[in-house]
Amino acid sequence: MNTEALLSNVPLLVVSVSAVAAGLILLLNRPGLSARRRNVRDLVGVVAALGKFALVLTMLPPVLAGGVVESAPLYIAKDIAFYFRVDAFGLLFALLSSSLWVIVSVYSLGYMRSLRYGHEAGFYAAFALSLSAAAGIAMAGNLLTFFVFFEILTIATYPLIVHRRNKEAVYGGREYMVYLLIAGQLLLIAVAWTHFLAPGVGFTPGGFLAETGASTLALQVLFVLFILGVGVKAAIIPLHGWLPTAMVAPTPVSALLHAVAVVKAGAFGVVRVTGFVFGPELLWALGAGLILACFAAVTIIFASLKALSENHLKRRIAYSTVSQLSYIVLGAALASPAALVGAMFHIVAHGYMKITLFMCAGAIYATAHKEYVSQLDGIGRKMPYTMGAFAVAALAITGMPFFAGFVSKWNLGVGAVEAGLPIFIAVLIGSAVLNVGYFFPVVFQAYFGRCLEPETHAVAAAAEPAVPAAATAHHNHPGGHAGQEGHEDQGEARPLMLYPLLVTAAAAFLFGVVPNFGMHFLELAEIAAREVTQGGLWSVGGGVSR
Amino acid sequence: MRKASAVVLVVIALLFIYAALDLPPTGDHEAPAAVHVSPRYIESAYKETATQNMVCAVLADYRSFDTLGEVIVIVIAGIAIVYIVGVSRPADEI
Amino acid sequence: MMELIQVALLLIQVVCAVIALTSRDLMVAVILFAAFSFCSALLFTMMGAVDVAFTEAIIGTATTVFYVAVIYRVERGSSK
Amino acid sequence: MTAHLPILMAIIPLLVGMAAPLLVLLSAPLARGVVLLAALATLGCSAATLIRVLDAGRAWHYYLAGWPPPWGIEYVIDPLSGVMTTLVSFFALAALIYAGPYLEARRALEKGTFYALFLLTVGGLMGMCVTGDLFNLFVFLEICSLAAYALIAAGGRRSLVAALRYLIIGSVAASMYLLGIGYLYVMTGSLNMADVATLLPPLLDSPAGILAVVLIAAGLAIKVALFPLHGWLPDTYSYTPAPVLGFIAAVMTKVSAYALYRIFYFVAEAAGPVSATLEVLGWLAAAGILFGSIMAIAQRDFWRMLAYSSVGQVAYIILGLAIGNSLALIGAVLHIISHAVVKGLLFFIAGSIKWQTGTRRIADFAGLARQMPLTMGIFLVAAMSMIGVPPLIGFFGKWYLVLGSIEAGAWGFVAVLIISTLLTAVYFFRVIERVYELDKLRPEIEYGSEAQGLPSETSETAGRPLRVRPGTGGRLELPATMLVPVILLGVSVILLGIYNELLVTNVIQYALPWRLP
Amino acid sequence: MRKGFGSIILDVGFRHLTPFLILYAVYVLVHGHYGPGGGFQAGALLGLAVVLGRVVQGQDAELGIGLSGGLVLACTGALIFLAIGLASLLWGGNFLDYGVLPIASAPAEARALGILGIEAGVTMGVMGVIIIMFDLLTRRGERE
Amino acid sequence: MFDGVVAYYLTGYTNWWLIAILLLIGFWGIVTQQNLLKKVMALNVMQVAVILFFLNAGQKAGTTLGVLRASEKVGDVSAYVNPLPHALMLTAIVVALAITGVALALLLRVYRSYGTLEEPEVFRRMQQQ
């Protein structure tokens with residue numbers, strides 16, 4: 001590897017910015033706060049989000065130049081550094097989470113003020129802490145550091161899930177904790193065992209376990225432990241039970257869980273484990289790659305089918321997440337260069353698409369108090385911008401060309417061919433069809449509610465003309481502040497909720513057309529994939545062909 | 001239950017008795033305890049502490065710190081009894 | 001000879017202890033315990049530990065006094 | 001005077017403890033001042049000693065009364081005992097500060113005797129940590145136990161029975177330990193630890209040697225409250241006054257575990273019957289971890305829950321000793337520190353809740369988060385550390401234990417550690433849910449609209465009325481003197497966790513037996 | 001023992017016995033260097049002398065030592081011990097190293113005197129504690 | 001009286017055995033006796049047994065007690081008993097007294113609180129309150 005390490009304290013700053021923000025928010029809070037001080041308190045989160053995003057951006061140039069940003073401020077345990085190593089893949093996730101935090105923090109201000117849940121300080125603080133953990137996961141340079149942030153993330157999201165403090169919230173929270181704590185403990189064993197096999201080794205592109213000389217059986221058990229550990233967060237199918245239950249949380253939280261932090265951290269972890277701990281070669285040598293890919297394929301199809309049958313809007317989107325995440329897992333399991341590019345880019349693409357969908361659902365809930373798909377008749381006429389954004393995101397998720405989802409799916413397809421398993425293309429196509437099946441009825445119903453029943457795909461396809469309109473509406477938006485008041489009368493969401501979701505919808509489109517726009521996501525994914533496969537193409541048949 | 005405890009007790013007693021066979025017999029001049037540390041006390045207690053009672057010398061000089069502990073223990077007992085019985089306080093408090 | 005006296009004293013102690021611990025009347029127990037304590041003091045003397053024997057004699061007295069004092073304050077009977 | 005630091009740190013608490021009943025006859029505030037000063041001085045002395053020992057890189061031998069070791073008594077301060085004394089004196093200071101409000105309304109005589117007994121407990125524990133003599137260890141064991149029995153007895157009439165039972169069991173334990181020492185003495189003729197360590201190895205593998213080891217192990221295991229011998233602990237911890245309990249729960253069992261470590265690894269060199277005994281202890285510890293955690297789940301009383309939790313957590317230390325490789329021993333020592341800090345903190349918090357609201361049943365804890373937000377925030381940190389969430393200190397103790405078990409191939413122990421973490425999470429989340437009123441069904445919140453301006457925060461202040469102890473003047477949080485130690489310990493839970501590596505490589509590393517790398 | 005067993009014979013017997021008891025205690029203390037005996041035994045004897053007084057004359061016979069008196073006696077005894085130990089620090093020895101104390105010509109002599117000093121401390125301590133124990137264990141208490 | 005091996009064991013080991021039995025009697029008393037006062041008494045028996053153990057270890061046949069004759073300046077090791085266990089046991093015996101005292105004080109208050117010293121009965125009355 002000819003990567004150049006740049007020592008810097010930026011990663012530590014990135015993590016601490018949001019942690020400090022969490023502390024500040026709690027400190028500024030006291031019962032009976034005046035309106036002005038509440039604004040100050042709430043602004044802390046937004047400012048911290050912006051600052052964090054800027055800090056992450058500063059790391060972009062060196063990484064694009066093929067280097068890594070490193071920082072090892074202290075030792076966290078004997079022989080193990082608290083080690084940040086921002087490579088292309090880590091930066092990709094860090095950029096995603098920090099950019100989305102800016103958007104979500106603005107959105108959650110609007111959302112939380114619309115719905116008086118109370119306990120807002122705790123909410124914002126836990127939110128900031130979760131983002132800290134997500135950034136830490138992105139930038140962790142070795143397994144223990146990764147694990148530390150992984151566990152912090154688990155704990156920090158718990159208060160968010162139980163935020164509403166009603167029965168379902170608490171049950172959801174319990175289920176969440178049970179799943180994730182058990183997973184965390186399994187991951188702990190895996191991390192400890194790995195440390196024992198290869199003391200003090202950090203993530204290495206292409207894996208480092210192959211050189212330890214451990215027996216195949218041991219490595220297989222280790223792999224299972226790792227996948228159970230990170231797979232629960234990634235919601236691979238037998239382990240996904242907590243995710244739909246956790247939908248009771250307020251919508252910004254769902255957005256956070258699904259698009260930015262928790263499940264993405266899981267998917268990110270799967271790629272880290274397969275690509276940077278085991279390495280593609282060892283993965284397939286152990287026979288684990290194919291099995292993991294099969295699990296991913298089953299998850300993709302099965303979750304889509306579940307989504308079809310859900311009436312609750314957020315739960316439908318949640319099952320969609322389960323399905324979409326397994327694209328990433330699939331890419332990580334196939335581990336051919338293009339598949340890895342697809343998987344990594346899909347982390348970004350799915351982030352932007354899914355957060356749009358959730359923010360739309362939240363805006364509908366907060367503004368019109370509708371939760372079920374069947375209640376959405378005609379809502380598109382009341383909230384045209386919101387539903388327009390929803391339509392854009394839905395299109396993107398199905399993998400329509402010129403939308404972000406397409407880039408990742410194309411790469412995954414190519415990757416499947418590269419790996420010599422073109423059968424998985426069928427999975428991708430089947431899933432796309434199902435995506436259309438469960439999202440377009442919603443869009444259709446929203447704009448043409450009561451007129452038509454959303455029964456068939458053909459009918460759903462007829463709804464497409466609505467999309468360009470919404471997209472245009474969005475393009476008008478930067479200059480359209482003046483018109484906002486009028487929309488509000490008609491039941492459009494509050495501006496604090498609306499703007500963020502329009503921005504992400506635009507991004508979902510933009511990244512389809514110009515994948516390298518602004519933050520160079522595709523380029524980062526390509527660099528990372530090249531590192532992992534060491535420039536060569538690895539095929540199931542035999543070894544690496546360069 | 002009573003029988004079981006009796007059996008256990010007898011077994012433990014037999015163990016003790018068996019283990020005792022490993023110890024030097026009573027009154028042995030060659031026992032480790034008689035040859036290792038204690039000769040110094042007998043030989044030089046007077047020389048070093050001008051005390052004929054070597055028990056007293058050991059107690060209050062060679063191992064005077066143990067004696068300090070002993071005094072503290074007995075005074076603790078006094079203070080403890082004052083604390084437990086001599087101080088009246090509400091019947092139920094924690 | 002000395003050994004035999006020691007053994008005899010130990011045997012007396014064993015008997016005293018058993019009776020003290022099984023008697024139903026606490027006062028009887030205390031008196032037997034005083035006897036036990038006295039035997040200890042004798043035994044200590046035989047083992048050459050005069051200082052300890054002296055102390056044991058005094059402490060045996062003190063302990064007995066304390067036991068009696070407590071028994072005055074509580075009921076004398078014991079279930080077994 | 002620096003040459004006498006090792007003895008000063010044991011003597012200052014004893015001296016001031018003896019003087020306290022006299023001082024209190026002069027003036028109660030003066031007595032309190034002197035007592036706090038003494039605790040501070042003790043902490044200073046032990047910290048200075050620890051630093052000096054670390055600088056010197058070898059143990060510090062101090063000959064009491066000037067007689068060389070096998071004939072006289074010596075104090076040995078190595079990094080491990082330095083850590084233990086620092087821990088003990090730190091907790092002494094914290095508990096004495098915490099005890100302030102408890103003693104305010106008491107009579108002078110009670111104050112004086114309380115200070116005396118407390119400082120004497122501290123002195124006894126300090127002596128146990130630093131002594132290099134087996135019999136001296138017994139004497140100091142009795143000093144701290146006897147003072148502790150009396151302190152425990154002050155918690156109301158139930159505590160009397162608990163204290164009496166603890167006294168009887170504890171004295172049996174001490175007698176067993178003394179008899180074990182007797183066997184060692186008869187076999188080697190010496191009482192000095194280092195001297196016995198050189199004489200013992202050829203003699204150990206005999207019936208008498210085995211009996212000696214078993215007796216010492218059993219005696220100290222009772223003091224540690226290892227699983228089948230833990231009977232005294234739950235009752236005792238449930239009825240002890242909180243300031244005392246915070247201290248006792250934090251350090252007393254740990255110091256006994258430390259004594260076990262010292263005797264098994266430094267005196268008897270874990271070989272022969274010792275390693276067999278350790279193996280048995282290891283499995284008992286594994287059983288104890290599960291038993292303690294499960295019993296904790298079954299409790300409805302917060303204090304009792306924490307007590308059973310202690311049974312489980314203390315067994316971690318013994319588990320580490322039983323595994324016995326360097327990683328596991330690091331884990332054991334780190335867990336001594338971590339559990340001391342966290343359990344002390346939790347008992348202080350439990351005492352604060354009782355002090356503030358008069359309740360200790362978990363069912364009555366609803367709304368405490370509104371009433372004492374800061375204390376409950378710290379409780380969250382402590383609970384997370386107990387569960388083992390990184391980067392808090394509790395995680396790292398387990399981390400080294402897990403590493404050690406993996407290195408030893410003891411997968412059964414790994415499973416036990418993992419399961420126990422989950423069980424711990426269960427019983428703490430039960431409390432957390434209650435404290436933050438998560439399990440109380442709340443009416444669905446009305447949707448606000450912007451027209452009324454910002455939504456009011458009524459939902460944060462509504463709910464059941466707060467229960468405030470009469471005489472606190474309606475104050476929500478605790479009196480400052482009780483809050484200070486709580487905050488101090490809460491911060492140290494976080495800092496110790498983040499900087500645990502400094503502790504491990506600079507201190508605990510040197511606390512391993514010499515035969516280990 | 002509020003009332004005591006007082007009769008004229010016991011009373012007179014006690015009066016005549018006590019001085020000898022105290023004398024014997026002092027003898028035991030001082031003679032500790034040369035024969036069996038020492039601080040503990042002396043203290044216990046003195047304590048028992050007071051206890052005897054309580055038994056004979058009833059508890060109202062305070063004999064100058066009440067509860068706090070006993071406590072002060074006990075603590076002072078222990079403090080004397082500790083003070084002698086600390087004094088040797090001042091003269092450059094280790095804790096309790098009486099050999100360095102400037103109280104006799106030879107270190108051995110100094111040690112003997114030091115031993116006597118701490119034995120005196122022990123005596124006071126034990127005496128106080130025995131009195132406290134007896135007083136409080138015989139104190140009439142009501143049901144709680 | 002006896003000869004050979006039997007005499008050797010009887011004179012050399014009977015003490016150890018009887019001391020062990022005494023110890024176990026104390027232990028048995030603590031475990032089985034239900035009266036708290038008797039438990040304390042059994043504790044005393046156990047402590048005395050331990051003290052006897054040490055003192056027995058310090059015996060040397062045909063020696064005299066540990067006080068130097070006035071004429072001697074340096075003691076003869078074979079003529080005097082081993083003084084170390086005596087010093088230790090003086091400490092242990094005082095510790096035993098202290099424990100007994102505290103135990104009796106607790107006992108007294110337990111009686112005042114519960115009106116009985118029988119352990120099961122005390123527990124029963126604790127439950128009732």
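What you see is a predicted model; the values in this text were computed from it and never measured. Throughout, protein chains are lettered first and strands after them, A, B, ... in sequence-line order, and every chain is numbered starting at 1.
When all heavy atoms are compared, the tightest approach of F:Leu24 to B:Ala13 is CD1-CA, 3.2 Å. Scanning all heavy atoms of the two residues, the minimum distance from F:Val77 to B:Pro39 falls at CG2-CB, 3.9 Å. Of all heavy-atom pairs between F:Asn82 and B:Ala33, the closest is ND2-O, 3.0 Å. Of all non-hydrogen atoms in B:Pro24 and F:Tyr13, the two that sit nearest each other are C-OH, 4.1 Å. Of all heavy-atom pairs spanning B:Ala34 and F:Lys60, the tightest one is CB-CD, 3.7 Å. Nearest heavy atoms, F:Ala87 versus B:Leu59: O-CD1, 3.4 Å.
Chain F forms more heavy-atom pairs under 4.5 Å with one residue of B:Ala77, B:Ala31, B:Ser44 than with any other, namely B:Ala77. Options B:Val71, B:Val58, B:Val37 differ in how many heavy-atom pairs under 4.5 Å they form with chain F, and the most are formed by B:Val58. Among F:Leu65, F:Thr63, F:Thr91, F:Leu23, the residue with the largest count of heavy-atom pairs under 4.5 Å with chain B is F:Thr91. When the candidates B:Leu23, B:Thr51, B:Val35 are compared by the number of heavy-atom contacts under 4.5 Å with chain F, B:Leu23 comes out ahead.
Between the OG1 atom in B:Thr67 and the CG atom in F:Leu90 there is a gap of 8.0 Å [rounded to 0.5 Å]. The distance from atom CZ of F:Arg69 to atom CD of B:Gln52, rounded to the nearest 0.5 Å, is 11.0 Å. Going from atom CH2 of F:Trp16 over to atom CD1 of B:Ile17 covers 14.0 Å, rounded to the nearest 0.5 Å. Between the OG atom of B:Ser5 and the CZ atom of F:Phe27 there is a distance of 10.5 Å, given to the nearest 0.5 Å. Remark: B:Lys47 NZ to F:Leu68 CG distance equals 11.5 Å, nearest 0.5 Å. Atom CZ of B:Arg40 sits about 12.5 Å away from atom CG of F:Leu84, to the nearest 0.5 Å.
Interface remark: F:Thr14 contributes no atoms to any contact with chain B (heavy atom separation under 4.5 Å). Only the side chain of F:Phe53 comes within contact range of chain B, judged by heavy atoms closer than 4.5 Å. Heavy atoms of F:Val31 lying under 4.5 Å from chain B are absent altogether. Heavy atoms of F:Leu88 lying under 4.5 Å from chain B belong exclusively to its side chain.
You'll find the side chain of F:Trp17 reaches within 4.5 Å of the side chain of B:Leu21, heavy atoms only.
Each of B:Ile76, B:Ile84, B:Val73 was compared with F:Val102 under the side chain to side chain contact (heavy atoms under 4.5 Å, CB included) criterion, and only B:Ile84 meets it.
Within a 6.0 Å sphere centred on CD of F:Gln128, other residues, nucleotides and ligands contribute more than 12 heavy atoms. Sparse packing is recorded around OH of B:Tyr18, with 12 or fewer heavy atoms of other residues, nucleotides or ligands lying under 6.0 Å away.
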| From CA spacing to verdict: side-chain contact (heavy atoms from CB on, under 4.5 Å), F:Gln59, B:Asp28 | CA-CA 7 Å; F:Gln59 284 200 70; B:Asp28 186 0; over 6 Å; no

